[in-house]
Amino acid sequence: MFELHTTSDLLISLSQFIYNYRQSIGVHDLVVTPRIINQEKGGTVIFVWNDTIKPDLFVTVFGLYEPEAQKYSVIYTYKKHVKVVSCSVNIEKTLLAFSIAKAVDPLVDKKQKVVFQAYLAELQSAEKNVFSLNMERSTFLKVQFLYPEQTKSSHSKESDMLVFLHKESIGLYKIPTARIGERGIMMSGQPKTEQIVRKFVWCQWDAQYQRLHYIHNVRQANSDTVSHSMCTLQFKNNGKAENMISIPINFPFPYIRTTDKPHYGDIPFHTGIPDLSLNISVLTQSSGTFCLCYHKLMSDQKSEHGPQSPNDYQNVEYYISMVHHAKTLYGCVSSLPKHVVNQKRLVFSWVGSYLLVMLPGYFVHLLNVGPSFEPCHHILLHDYTFDSESFPHPRPISVKFNVEDEMTSSQTSSMSHFSTSLTSSISRDRHSFNSLAHKSIPVFSEYCSNIKTLLPCQGFVRESGSIAQHLYDYRSGCMLKLVLNTDLILDSFQNTYWQTRLAILHYMILHNKDFFIVKKLFEILCDNLTISEINSMFTEFLVASTYAEMKKQVDREVLNLLAFTASQTLRGQYEKNSAGERLAHISYMPLEVVDYNKKLIKDSKSRSKEDYWETLIRRLKLRHSELPTRFDHVTVMRTYRQAEMEEAGGKLLWDAMHVEDSFFDGVYTLKITEITTSMRRSLLSESTVLDLSASSGRQSRTDMVLGPAPLFLQRKISSESNIFKRRLSMLTEELLHNHLLKHLPKESHSKARNVAKEYLYCQAKVARQLCHLIWSLRGSELSQQLDDSLLPNLQSPGTNDEYELFQLFERFYLTVSDLGYPFPAGFSSFLTALGFKCLDIHLFFQYVDNHILILTPDFILQVLKDLPDDADAEIPLIKYQIISRLPQPFADECFERWDHPMSKERRARNQVSQILLRAPNVLKENPSQHRLPPSAITSTFPPLSTFLKHLELAASNIQSNRPIPFDPQLVESVALHHTRTKTNVDLSLVSF
């Protein structure tokens with residue numbers, strides 16, 4: 001589903017600059033190793049390399065790369081070979097702070113191998129002074145300048161810098177600077193220091209938003225129990241920090257003691273302390289999203305029983321504290337090779353509003369954690385979804401510090417990618433990736449399975465007005481971006497478990513919004529019509545698409561009250577392989593009450609627009625209170641069925657529905673079958689307008705993807721359509737209107753009715769889209785036969801495609817009925833016609849009797865037209881059975897149209913039976929008046945004549961508001977026909 005695209009080759013570009021720089025100063029020999037150290041706000045990259053300018057002059061050079069301006073520069077040269085582990089430059093580029101790892105002479109201290117020191121250098125002074133911060137620690141030391149918002153003045157009088165002493169404290173240094181004549185900008189006094197954080201075990205600096213996240217141990221009062229808490233500080237322009245939020249950690253976080261010996265890594269772009277025993281990241285988005293991501297690492301167990309077996313397996317576990325949802329998500333991937341679990345680290349990053357959890361080459365989890373939706377429909381992809389290709393894979397590289405290598409010579413550096421010249425500067429590891437540069441790498445390829453760590457960083461290209469997050473592969477030096485691949489989507493969809501299939505469909509409808517891919521997904525789904533997931537997919541399509549349509553029309557406060565999925569949210573999810581073995585599962589647990597800055601709420605009243613923290617805190621307060629429920633279709637159908645049951649018991653709940661005077665009044669088929677082709681097209685353009693753009697006359701993108709629609713789907717949906725006058729539609733509108741009135745603020749009540757009407761329209765629109773989508777999958781051949789007809793010819797038996805189309809339309813019918821959505825006008829007629837062609841006649845009548853197939857006027861007319869009475873002896877019986885199943889008034893009208901002896905016989909029988917049922921009461925009143933004189937009987941067949949005269953006389957004397965229709969000629973002809981065809985006796989021999 002996803003692949004990695006190389007967006008830029010950072011090490012090649014840095015190498016080119018270094019090569020040109022060394023040429024400009026007359027240095028041509030030796031091999032240099034650029035090392036990326038830090039990335040400042042705005043994306044500026046700080047890199048260093050050790051060089052030998054003269055045989056006796058060893059230096060460490062600091063450079064800047066500004067991606068937006070594509071500018072490279074050398075900002076400082078330190079006249080020693082040192083291992084730089086942290087560095088930062090202030091916003092005016094007048095000061096450079098850096099910390100180094102220095103090897104300790106074993107003769108001085110056998111236990112301690114390295115110490116960390118910090119320095120501060122002036123960049124714009126004539127002397128280029130460098131000052132020591134007089135710090136020497138055995139734990140990691142990090143420096144970081146704060147970046148205030150830009151002011152009009154080109155130079156500020158003070159620079160603020162954070163100094164991180166791992167497990168000890170975090171201090172704020174306020175460094176005064178001033179321009180001193182021709183000497184340039186220099187430090188004008190001693191820095192003022194302030195401790196802002198005491199002991200901490202982990203931290204992360206967010207350069208883009210100037211936030212500091214850190215975790216510290218919390219010892220319970222009068223107890224030895226130790227818990228953990230994560231806090232966030234927000235820095236303002238004056239360097240003042242505000243404690244914004246404190247989050248209890250409710251997952252199994254290790255207890256890290258101050259005395260524990262840490263292991264640090266040489267990790268480019270690392271935003272905190274590179275402690276190899278932890279893999280934690282805080283990811284935020286401006287929409288109020290706050291996620292604390294934790295990968296539970298397994299120690300690299302060097303077993304006492306010998307080396308690990310290749311068959312050893314281990315689970316990978318991770319936790320995502322979704323603070324904005326007040327929930328913690330737990331994810332577990334089952335049975336990965338133990339050596340993979342021990343050596344590799346999960347990548348946490350953003351893909352739109354989804355949170356990416358990835359172990360390259362093994363699994364990719366896209367977690368739907370955005371604030372707009374309750375968590376659900378996570379996309380869990382594993383390596384079986386893509387066949388690995390033969391990608392070259394380099395040797396794994398250690399990320400641990402090796403200070404001795406750095407001190408001896410840059411030629412032996414473990415991070416070396418360059419040889420003596422630019423053209424031949426690619427080592428074996430580098431060369432293995434070179435063939436893939438500027439190409440796409442599937443995340444489940446062999447190459448990706450050999451990636452040890454991908455490092456999130458700010459992207460170097462602006463996308464949609466903001467800096468996108470990229471991944472840096474320090475092994476190859478390339479910037480990578482996770483990109484959606486259509487072909488891989490289809491492969492993933494075909495192989496994943498049904499829950500992930502639903503999640504992919506949901507993602508494509510609400511987030512990707514590519515209807516072409518949606519159609520492709522349904523093509524794969526409908527390859528096997530026996531699977532039970534088809535109904536679930538149809539349901540998700542209808543609900544999610546309705547939400548997507550409403551999103552174009554209404555604001556956020558209304559959307560929060562509408563259903564965005566048919567699935568239950570905050571419910572566990574599984575991923576299984578084809579053998580039914582569990583590959584991964586997701587579960588949730590509540591997050592305890594989060595402490596936040598109360599002062600911020602008071603200050604927000606004076607501001608017209610919410611900032612990030614106000615949005616997050618507002619969401620937190622909502623989560624800890626009773627959330628308004630979303631409008632639920634289950635409630636609508638439950639209310640509807642309850643009303644039907646009460647109405648069946650005699651209780652009047654509905655207004656009488658409008659019924660046409662005639663069964664055939666307004667029938668669409670009648671209009672298009674009894675007029676010429678030219679008049680038919682004119683009628684289509686006037687009364688049944690195609691669903692095209694009214695302004696441009698162009699088809700919508702959806703219709704272009706789906707192709708030509710059948711005639712019954714070409715009618716434009718208008719607010720006056722009869723589908724909105726259904727009882728169920730009226731109930732849906734009323735319940736939604738009441739739901740909005742209950743939860744919307746009073747000032748928004750006026751729009752509730754219009755929103756409810758728009759919701760019904762969107763329901764009808766997406767139901768039509770799904771019907772059209774199904775038609776595009778199986779109805780292409782049938783469309784050629786239909787031409788301008790509404791229904792297929794009923795005389796020919798159904799083809800395989802028609803039978804499959806009927807199966808899909810049947811599932812569509814069941815899904816739409818369960819949700820209470822309106823059917824497209826004419827769909828019921830088309831489904832009944834397909835059922836008549838494809839089903840055995842006895843099964844067809846069962847469908848009709850159980851109200852699955854509806855005998856509509858369109859279908860009845862098609863039956864009368866397409867089935868000649870003399871084609872088969874069973875045809876008249878089938879017609880009779882069909883028409884007889886209609887309600888009495890409609891059946892009478894249909895029999896009137898059917899010119900057949902069976903129809904005439906039924907009409908004659910009905911007339912005679914009605915007269916005879918009432919005639920006895922009339923005859924009892926005065927029998928002598930109704931006796932016929934002998935002279936009245938003049939027929940050659942006296943019995944029939946006597947009977948007809950009797951019926952006529954009885955019918956004329958029956959008093960009723962509705963007179964009984966009596967046609968003596970019809971009764972006589974039917975009686976004679978019946979006598980001739982059904983009686984074996986020769987009546988000519990009988991004397992009357």
Counting C-beta onward and ignoring hydrogens, is there a side-chain heavy-atom pair between Leu355 and Trp350 closer than 4.5 Å?
yes

Please say whether more than 12 non-hydrogen atoms of neighbouring residues, nucleotides or ligands are located less than 6.0 Å from OH in Tyr574.
no

Rounded to the nearest 0.5 Å, how far does CE of Met589 lie from OG1 of Thr328?
5.0 Å

Under 3.5 Å, side chain of Arg345 to main-chain N/O of Leu454, donor-acceptor pair present?
no

Got more than 12 heavy atoms from elsewhere within 6.0 Å of CZ, Arg198?
no

Taking the side chain as every heavy atom from C-beta outward, state whether Leu346 and Phe363 have any atom pair closer than 4.5 Å.
yes

Residue pairs meeting salt bridge (Lys or Arg N to Asp or Glu O under 4.0 Å), one or both in residues 366-378, sequence neighbours left out, come to Glu374-Arg630

I'd like to check Tyr362 versus Val333 (side-chain heavy atoms, cut-off strictly below 4.5 Å). Are they in contact?
no

Note: Tyr313 and Pro337 closest approach over all heavy atoms is CD2-N, 3.8 Å

Measure the shortest side-chain to side-chain distance between Val226 and Arg219 over non-hydrogen atoms and say whether it is less than 4.5 angstrom.
yes

Determine whether Leu616 and Tyr596 make a side-chain contact, defined as any pair of heavy atoms from C-beta on separated by less than 4.5 Å.
no

With a 3.5 Å distance limit and no angle check, can you tell me whether Lys199 reaches the backbone of His216 through a side-chain donor-acceptor pair?
no

Let me see the working for Leu591 and His325 under side chain to side chain contact (heavy atoms under 4.5 Å, CB included), right down to the final yes or no.
CA-CA 9 Å; Leu591 186 63; His325 286 303; over 6 Å; no

Minimum heavy-atom distance Gln285-Ser353, with the two atoms named
OE1-CA, 3.8 Å

Do the ring planes of Tyr507 and Phe2 sit parallel (below 30°), tilted (30 to 60°) or perpendicular (above 60°)?
perpendicular

Could you check, using the six-membered ring where one of them is a Trp, whether Tyr612 and Tyr209 have ring centers closer than 6.0 angstrom?
no

Is the distance between the ring centroids of Tyr264 and Phe116 less than 6.0 Å?
yes

Quick check for you: to the nearest 0.5 Å, what is the distance between Asn495 atom CG and Thr500 atom OG1?
11.5 Å

Any side-chain to backbone donor/acceptor pair from Gln39 onto Cys457? Under 3.5 Å, distance only.
no

Just so I know, are the side chains of His377 and Leu502 near enough to count as touching, which here means a heavy-atom distance under 4.5 Å?
yes

Within the distance-only criterion (no hydrogens, no angle test), does the side chain of Thr565 pair as donor or acceptor with the backbone N or O of Ser567 below 3.5 angstrom?
yes

Between Arg35 and Val84, is there a donor-acceptor pair closer than 3.5 Å when you use the side chain of the first and the backbone of the second?
yes

Kindly indicate whether the side chain of Val45, heavy atoms from C-beta on, has any atom under 4.5 Å from the side chain of Phe269.
yes

Separation of Tyr330 OH from Tyr294 OH (nearest 0.5 Å):
11.5 Å

Apply side chain to side chain contact (heavy atoms under 4.5 Å, CB included) to residues Tyr214 and Leu233 and explain how you reach the verdict.
CA-CA 9 Å; Tyr214 66 94; Leu233 299 178; 4.1 Å; yes

Euclidean distance, Glu3 CD relative to Ile441 CD1, rounded to 0.5 Å:
9.0 Å

Looking at every heavy atom in both Leu359 and Leu336, which two are closest together, and how far apart are they?
CD2-CD1, 3.8 Å

Indicate whether any N or O donor in one side chain lies under 3.5 Å from an N or O acceptor in the other, for Gln314 and Asn342.
no

Once the angle between the rings of Phe200 and His166 is folded into 0 to 90°, is it parallel (under 30°), tilted (30 to 60°) or perpendicular (over 60°)?
tilted

Would you check if the side chain of Asn250 reaches a backbone N or O of Pro590 as a donor-acceptor pair within less than 3.5 Å?
yes

I'd like to know if the side chain of Arg501 reaches the main chain of Gln494, judged simply by a donor and an acceptor atom lying under 3.5 Å from each other, with no hydrogens or angles considered.
yes

Going by atom type alone, with no hydrogens or angles, which donor-acceptor pairs under 3.5 Å involve a side-chain atom of residues 364-372 and a protein atom two or more places apart or on another chain?
{"unit_1": "His365", "atom_1": "ND1", "unit_2": "Tyr318", "atom_2": "OH", "d": "2.7"}
{"unit_1": "His365", "atom_1": "NE2", "unit_2": "His382", "atom_2": "NE2", "d": "3.2"}
{"unit_1": "Asn368", "atom_1": "ND2", "unit_2": "Cys376", "atom_2": "O", "d": "3.2"}

Does the Glu592 side chain pair with the main chain of Pro248, one donor and one acceptor, at a distance under 3.5 Å?
no

Pairwise distance CG(Asn315) to NZ(Lys338) - rounded to 0.5 angstrom
10.5 Å

Just checking, is any N or O donor in the side chain of Asn217 or His228 under 3.5 Å from an acceptor N or O on the other one?
yes

Strictly distance-based, threshold 3.5 Å: is any side-chain N or O of Glu575 a donor or acceptor partner for the main-chain N or O of Leu381?
no

Can you check side chain to side chain contact (heavy atoms under 4.5 Å, CB included) on Leu4 and Leu482, steps first, answer last?
CA-CA 5 Å; Leu4 294 170; Leu482 201 65; 3.6 Å; yes

Gln234 side chain vs Gln210 backbone, donor-acceptor pair below 3.5 Å
yes

ring-ring contact (aromatic ring centres under 6.0 Å, His included) involving Phe290 - partner list, sequence neighbours excluded
His213

Could you pull out the closest heavy-atom pair between Cys448 and Val443, with the gap in Å?
CB-O, 3.4 Å

What pair of heavy atoms forms the shortest contact from Lys167 to Asp260, and how long is it?
NZ-O, 2.7 Å

Heavy-atom pair with the smallest gap, counting every atom of Leu141 and Ser86:
O-CB, 4.0 Å

Is any side-chain heavy atom of Asp473 less than 4.5 Å from a side-chain heavy atom of Thr6?
no

Quick check, are the ring centers of Tyr319 and Phe251 under 6.0 angstrom apart?
yes

Hey, could you give me the OG1/NE2 distance between Thr289 and His324, rounded to the nearest 0.5 Å?
4.5 Å

Measure from NZ or CZ of Arg475 to the centre of the six-membered ring of Tyr447 and say whether it is under 6.0 Å with the direction within 45° of the ring axis.
yes

Donor-acceptor side-chain pairing of Ser88 and Glu40 below 3.5 angstrom:
yes

If you apply the rule side chain to side chain contact (heavy atoms under 4.5 Å, CB included), what do you find for Thr284 with Arg211, and how did you get there?
CA-CA 11 Å; Thr284 63; Arg211 297 171 190 150; 3.3 Å; yes

